[in-house]
Amino acid sequence: MGGSGPVHLHSGINGWFAETARDLPWREPDCSPWGVLVSEIMLQQTPVVRVLPVWREWLERWPSPADLAAEPAGEAVRHWGRLGYPRRALRLHAAAVAIGRDHGGQVPDTYTELLNLPGVGSYTAAAVAAFAFGRRETVVDTNIRRVHARLISGVALPSPSLTAAEMRLAAELLPDDDGTSVRWNAAVMELGALVCTARAPKCSVCPVRDSCAWLAAGEPPPSYVPKGQAWHGTDRQVRGAVMAVLRVADTPVPPEMFTQEPADLGFAPEGIGVPLAALHRLNSAPEQLERALAGLLSDGLAELQQGGYRLPA
DNA sequence: TATTCGTGGCT
DNA sequence: TAGCCAAGAAT
């Protein structure tokens with residue numbers, strides 16, 4: 001289909017984007033490919049407003065992949081802060097190392113090369129190729145999937161996991177022209193983020209509401225109930241609390257600090273008191289704490305040094 | 001294919 | 001208030 005296809009959708013959504021798009025630093029023309037790559041990794045499952053300050057500090061500290069690669073991986077994890085999913089920091093560091101080793105320090109500009117970088121999957125590879133290098137790529141994220149589901153397929157939500165049919169549809173909708181396709185990808189994503197939202201979509205301000213199959217069908221409800229993400233009492237919660245301790249610790253943390261009540265330790269936990277108290281407040285079972293610590297070691301998010309836990313060197 | 005993996009704002 | 005959900009990747 002391509003350019004001979006839904007030109008009214010292209011002009012409608014791209015026109016809306018030109019007027020409404022947020023001013024995000026990684027969209028600035030002078031933003032480096034490295035800046036785009038960092039933004040895409042940080043934005044995985046993480047809202048824009050939370051990424052913004054961390055992204056700015058990150059690029060000021062590490063303006064190029066080589067700058068990050070020159071530091072221990074633990075520094076990346078430490079400065080990841082509370083963005084969540086700290087393995088992303090580890091992988092971004094590994095990607096910086098790979099870029100220096102395999103690509104002469106330059107972020108690669110093809111989908112395939114990007115896909116081979118740690119932490120870069122099909123979405124991120126396509127997004128960086130498109131937004132950093134102007135390539136025509138089929139970018140499919142959760143926003144784009146939701147817009148397509150409603151606008152084209154007439155259903156409230158996309159299927160639980162990405163299907164081949166969705167990729168086919170996205171490829172068919174993609175404008176033929178390179179520049180237009182890049183704007184289209186960004187514009188549909190932005191429409192999903194600001195208007196065609198998961199809950200309470202703002203259809204009254206949608207630029208393509210007259211073309212929306214879901215509206216035309218009378219806004220049918222979802223055919224399935226999305227599975228909630230458990231948190232309280234989970235291993236993930238414990239891992240998160242342990243990581244919060246390790247991020248602020250400047251010396252290895254002995255296991256007793258995690259397993260024993262602060263009052264029973266007999267000595268002050270110097271500097272890590274607040275996150276340590278939060279961890280103990282969880283009152284998690286000993287075996288759960290064991291699983292969390294073992295998992296962090298296994299994932300490379302922590303290592304043992306002088307009998308204590310610390311961020312990786 | 002289904003799970004696992006953080007965090008916090010919003011409703 | 002408790003649950004929903006966010007520019008996914010790896011296994």
Side-chain angles (χ1 to χ4, degrees), chain A residues 17 21-22 24-27 35-55 77 80-92 94-95 114-132 137-147 156-164 166 170 182 185-194 196-201 222 225-247 275 278-279 282 291-292 294-296 298-302:
Chain A
F17 183 67
R22 294 168 289 182
L24 301 175
W26 45 84
R27 287 179 180 161
V36 174
L37 174 60
V38 171
S39 80
E40 292 299 344
I41 302 279
M42 287 185 174
L43 286 163
Q44 291 168 2
Q45 299 288 284
T46 309
V48 165
V49 288
R50 199 173 312 161
V51 165
L52 275 170
V54 183
W55 182 89
V77 175
W80 196 253
R82 303 187 66 79
L83 273 188
Y85 293 149
R87 287 187 294 190
R88 292 183 294 167
L90 224 43
R91 291 172 181 152
L92 182 51
L114 286 161
L115 191 59
N116 279 326
L117 295 175
V120 176
S122 56
Y123 161 75
T124 303
V128 173
F131 302 142
E137 301 283 347
T138 305
V139 178
V140 179
D141 79 320
T142 186
N143 289 306
I144 291 177
R145 295 184 63 211
R146 189 173 53 250
V147 171
L157 295 175
S159 57
S161 58
L162 180 61
T163 65
E166 286 181 85
V182 170
N185 282 323
V188 177
M189 213 179 300
E190 189 83 338
L191 187 68
L194 298 184
C196 197
T197 50
R199 285 178 299 182
V225 181
K227 261 177 55 179
Q229 309 169 12
W231 174 246
H232 292 286
T234 64
D235 289 3
R236 297 166 74 174
Q237 188 183 28
V238 180
R239 279 174 61 115
V242 171
M243 286 303 300
V245 174
L246 297 186
R247 276 197 303 269
L279 171 61
L282 296 180
R291 278 200 305 276
L296 292 175
S298 161
D299 288 344
L301 281 167

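A, B, ... follow the sequence lines: proteins, then strands. Residue 1 opens every chain.
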Chain A contact limits on DNA chain C, taken 5' to 3' with a cut-off of 4.0 angstrom to heavy atoms: dG3(C) to dA10(C)
Leu83(A) side chain reached by Val51(A) side chain, heavy atoms, under 4.5 Å: yes
Touch class at under 4.0 angstrom, heavy-atom based, for Ala198(A) against every strand present: sugar-phosphate
Sugar-phosphate only, base, or nothing, as touched by Trp26(A) at under 4.0 Å among non-hydrogen atoms: base
Touch class at under 4.0 angstrom, heavy-atom based, for Arg146(A) against every strand present: sugar-phosphate
Under the side-chain contact (heavy atoms from CB on, under 4.5 Å) test, residues paired with Leu115(A) that sit two or more places apart: Tyr111(A), Ala125(A)
Integer angstrom distance from the C1' of dG6(B) to that of dC4(C): 15 Å
Touch class at under 4.0 angstrom, heavy-atom based, for Ser39(A) against every strand present: nothing
Asn143(A): which of Val147(A), Val140(A), Asp141(A) passes side chain to side chain contact (heavy atoms under 4.5 Å, CB included): Asp141(A)
Sugar-phosphate, base or nothing in reach of Val51(A), heavy atoms under 4.0 Å: nothing
Partners meeting side chain to side chain donor-acceptor pair (under 3.5 Å) with Thr46(A) (sequence neighbours left out): Arg88(A)
Sugar-phosphate only, base, or nothing, as touched by Thr124(A) at under 4.0 Å among non-hydrogen atoms: sugar-phosphate
Sugar-phosphate, base or nothing in reach of Ser122(A), heavy atoms under 4.0 Å: sugar-phosphate
Heavy-atom pair with the smallest gap, counting every atom of Leu114(A) and Ala129(A): CD1-N, 3.7 Å
Inter-nucleotide P distance (dA7(C), dT4(B)), Å rounded: 23 Å
Spacing of the C1' atoms in dA9(C) and dG9(B) (rounded, Å): 24 Å
Closest-nucleotide ordering on DNA chain C, the 5'-leading residue of Arg22(A) and Leu117(A): Arg22(A)
side-chain contact (heavy atoms from CB on, under 4.5 Å) against Leu194(A), all qualifying residues, sequence neighbours excluded: Trp16(A), Arg22(A), Glu190(A)
Atom C1', compared across dT1(B) and dA10(C): separation rounded to whole Å: 13 Å
With sequence neighbours excluded, residues passing side chain to side chain donor-acceptor pair (under 3.5 Å) with Thr163(A): Glu166(A)
Residues Leu24(A), Val48(A); criterion side-chain contact (heavy atoms from CB on, under 4.5 Å); working and verdict: CA-CA 9 Å; Leu24(A) 301 175; Val48(A) 165; 3.7 Å; yes
Letter per nucleotide, 5' to 3', of nucleotides 4-11 of chain B [B base touched, S only sugar-phosphate touched, - untouched; heavy atoms, 4.0 Å]: -BBBB---
Sugar-phosphate, base or nothing in reach of Ala200(A), heavy atoms under 4.0 Å: nothing
Test item: Arg87(A) and Trp80(A) side chains (from C-beta on) under 4.5 Å apart, heavy atoms: no
